[in-house]
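Keep in mind that what you see is a predicted model, and the values were worked out from it rather than measured.
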Amino acid sequence: MRTATLGPAERAESLASMAERELDLLVVGGGVVGAGTALDAATRGLSTGLVEARDWASGTSSRSSKLIHGGLRYLEMLDFVLVREALKERGLLLERLAPHLVKPVPFLYPLQHKGWERLYAGSGVALYDVMSMARGHGRGLPLHRHLSRRHALRVAPALKKDALVGALQYYDAQMDDARYVATLVRTAAAYGAKTANRARVTGFLREGERVVGARVQDVEAGGEYEIRAKQIVNATGVWTDDTQSMVGERGQFHVRASKGIHLVVPKDRIHSSTGLILRTEKSVLFVIPWGRHWIVGTTDTDWDLDKAHPAASSADIDYLLEHVNSVLAVPLTRDDVEGVYAGLRPLLAGESDATSKLSREHTVAHPVPGLVVVAGGKYTTYRVMAKDAVDAAVHGLDMRVAECVTEDIPLLGAEGYRALWNARARIAARTGLHVVRVEHLLNRYGALAEEVLELIATNPTLGEPLQSADDYLRAEIVYAASHEGARHLDDVLTRRTRISIETFDRGSRCAREAAELMAPVLGWDKDHIDREIEHYQKRVEAERESQRQPDDLTADAARLGAPDIVPL
């Protein structure tokens with residue numbers, strides 16, 4: 001099985017290697033599109049580098065609704081091309097590319113009007129299923145079904161009886177978005193890409209009009225590298241305009257940030273065996289199953305403040321609670337909210353109304369020689385965006401380059417996953433772990449779970465759960481630092497695990513235990529451990545304070561009270 005490790009030594013080697021010789025392609029931005037672009041390029045035989053200013057998926061790609069979906073609501077907009085493309089990608093991810101990470105999830109759509117609404121909505125969901133099957137990648141999901149009100153209330157007893165006259169149930173898919181990106185980066189590295197997080201582009205190298213490389217600051221160890229590349233791809237999402245400004249050229253399009261927030265509540269607060277999708281006056285609202293929790297979201301509001309740490313205000317939280325409570329028999333309160341997270345969608349904005357594009361479409365441009373920009377799009381179609389970006393970059397290479405092959409490249413952990421899943425009872429017996437723990441590992445790491453189990457075999461105490469976040473094993477914290485590129489406590493509690501949104505204390509109580517597990521891998525002494533914990537606690541308090549503020553401006557100011565950690 002092909003694998004790769006993103007530990008401290010591998011990161012240092014990658015930075016040195018990228019600076020040593022000219023790359024075919026350098027990708028700037030370590031979200032899902034950037035990581036996907038690096039994998040696409042590496043699997044075409046191109047020498048490839050990938051740099052990210054903060055942590056992998058630390059922006060938009062860890063703060064989504066965590067859905068892989070065709071975009072059912074885009075059918076209403078008659079955007080059949082986008083839906084067809086997304087449904088194909090959903091099928092590929094479920095069946096071939098990442099079955100260990102992408103899972104089916106049911107949704108119930110309550111009907112509020114007799115007769116016409118069942119016909120109207122039912123026709124849309126039926127078309128959704130047909131389009132999925134027509135692409136040959138929809139057979140892994142059950143077809144939709146019509147439910148009476150009585151049947152719908154059996155499936156979702158949490159609903160008010162007068163909130164529906166019947167319902168439709170259909171299927172989409174979900175994943176842990178941050179974990180998906182980390183796996184995507186490791187897969188790119190396994191195929192030869194050089195990757196480094198906490199490596200910030202501070203400027204571009206020019207020869208005449210042509211962009212020939214980038215100046216990259218090592219945020220962790222200090223120092224600056226000049227990385228030369230025949231082509232550079234700017235895949236920085238909501239930071240696209242900022243990155244473009246370093247070139248000193250006016251972009252062909254602009255990217256506008258739209259804020260979406262989500263609430264996380266315990267599973268027992270909403271009595272239902274299915275997710276929910278509800279109409280609001282602006283868009284749709286999802287209630288999404290998430291392990292022992294529910295995710296409720298999302299909002300859609302303009303954001304022009306700090307991009308690194310978008311803040312959820314009290315008004316945002318009230319909006320979601322008000323809309324979800326309109327259909328719940330037992331309403332949610334602020335006290336039910338375990339976690340809150342806010343993310344920014346990168347929406348394309350043209351120079352005028354005539355050139356503006358639909359919000360979830362993507363665009364690839366070649367504004368100056370040597371530089372390709374990819375922006376817009378949606379998580380589900382990241383692979384198509386990556387393909388288009390590399391196709392554009394290939395035009396600037398003086399060499400023959402193979403066609404995209406990522407449709408047939410499973411992510412690390414996919415190969416052998418189903419066989420290990422079938423053997424999970426034997427694995428549990430062999431390791432002494434409960435079978436539920438083995439299932440948890442397989443659904444987070446796939447076949448790479450064997451590497452986590454090897455850590456436990458070497459040190460059995462790592463097979464114990466974290467004391468204040470017992471969904472996760474101690475071995476997973478060590479593995480995040482040694483194999484998955486985690487450099488800080490925040491990386492582990494917020495992205496490699498989701499402890500920061502899955503516990504009422506936001507991960508504060510397990511912070512020291514986690515930091516002490518990371519310390520030997522990353523060479524931290526006691527003072528460094530204390531700094532990491534102090535920084536994390538300040539971040540949690542700043543987020544709590546921002547969520548008590550009435551509006552975006554005051555929430556942003558409160559969140560900025562906890563700056564990013566900078567190693568000494």
Side-chain angles (χ1 to χ4, degrees), residues 2 25 27 29-46 48 50 56-57 60-62 64 66-71 74 81-103 131-132 135-138 140 172-193 195 233-237 345-346 360-364 372-394 401-415 446:
R2 183 184 289 270
L25 191 72
V27 184
V32 70
V33 176
T37 301
L39 176 60
D40 188 293
T43 53
R44 296 196 200 198
L46 299 175
T48 305
L50 171 65
W56 307 122
T60 302
S61 295
S62 62
S64 73
K66 312 194 188 322
L67 293 177
I68 294 292
H69 62 118
Y74 298 115
V81 174
L82 179 64
V83 175
R84 186 182 300 114
E85 181 179 79
L87 286 172
K88 176 189 174 182
E89 295 303 310
R90 185 191 72 176
L92 282 170
L93 293 167
L94 275 166
E95 298 166 20
R96 183 187 305 169
L97 304 185
H100 55 312
L101 300 176
V102 180
K103 305 294 180 183
M131 292 173 71
S132 172
R135 302 297 296 184
H137 293 291
D172 258 319
Q174 69 176 165
M175 80 304 173
D176 181 331
D177 48 7
R179 168 146 301 282
Y180 189 93
V181 174
T183 307
L184 199 52
V185 173
R186 288 187 71 188
T187 307
Y191 284 97
T195 67
V233 173
N234 174 6
T236 52
R345 304 177 191 87
R360 305 313 288 186
E361 287 184 349
H362 72 271
T363 288
V364 176
V372 170
V373 184
V374 56
K378 60 202 291 284
Y379 202 113
T380 303
T381 56
Y382 81 88
R383 195 191 64 81
V384 179
M385 295 175 67
K387 173 187 178 298
D388 290 349
V390 177
D391 283 346
V394 162
V401 179
E403 294 293 317
C404 173
V405 295
T406 53
E407 192 169 316
D408 298 306
I409 302 292
L411 269 58
L412 289 186
E415 184 180 349

[X] [atom1] to [Y] [atom2] distance, which is reported to the nearest 0.5 Å:
X	Y	atom1	atom2	answer
Gln174	Lys66	CD	NZ	10.0 Å
Arg90	Glu95	CZ	CD	9.0 Å
Thr183	Asp176	OG1	CG	8.5 Å
Ile68	Leu92	CD1	CG	11.5 Å

For [X] and [Y], work out which heavy atoms get closest and say how close.
X	Y	result
Ala41	Val390	N-CG2, 4.1 Å
Ala98	Tyr180	CB-CE1, 3.8 Å
Thr406	Asp40	CG2-CA, 3.6 Å
Gly377	Met385	CA-SD, 3.7 Å
Ser132	Leu87	N-CD1, 3.7 Å
Lys103	Pro99	NZ-O, 2.8 Å

Show which side-chain atoms of residues 29-38 pair as donor or acceptor with protein atoms under 3.5 Å away, not counting sequence neighbours.
{"unit_1": "Thr37", "atom_1": "OG1", "unit_2": "Val33", "atom_2": "O", "d": "2.7"}

Exercise. Quick one: do Asp388 and Val374 satisfy side chain to side chain contact (heavy atoms under 4.5 Å, CB included)? Show the steps, please.
Key: CA-CA 8 Å; Asp388 290 349; Val374 56; over 6 Å; no
Self-check item: side chain to side chain contact (heavy atoms under 4.5 Å, CB included) evaluation trace for Thr48 with Tyr191
Solution: CA-CA 10 Å; Thr48 305; Tyr191 284 97; over 6 Å; no
Is the backbone N or O of [Y] less than 3.5 Å from a side-chain atom of [X], with the two atoms forming a donor-acceptor pair by type?
X	Y	value
His100	Leu412	yes
Thr195	Leu50	no
Thr380	Lys378	no

Quiz item: Does Lys88 pair with Glu407 as a salt bridge, N-O distance under 4.0 Å?
Solution: yes
Quiz prompt | N-O pairing of Asp391 and Arg44 below 4.0 Å | solution =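 Salt bridge present between Asp391 and Arg44.
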Do [X] and [Y] come within less than 4.5 Å of each other through their side chains, counting heavy atoms only?
X	Y	answer
Leu93	Met175	no
Leu67	Asp172	no
Leu184	Trp56	no

Quiz item: Got a sec, which residues hit side chain to side chain donor-acceptor pair (under 3.5 Å) with Ser64, two or more places apart in sequence or on another chain?
Solution: Asp177
Self-check item: Qualifying salt bridge (charged side-chain N to carboxylate O under 4.0 Å, His left out) pairs, either residue in residues 178-193, two or more places apart
Solution: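 For residues 178-193, and leaving out neighbouring residues, the salt bridge (charged side-chain N to carboxylate O under 4.0 Å, His left out) pairs sorted by first residue read Arg179-Glu484, Arg186-Glu451.
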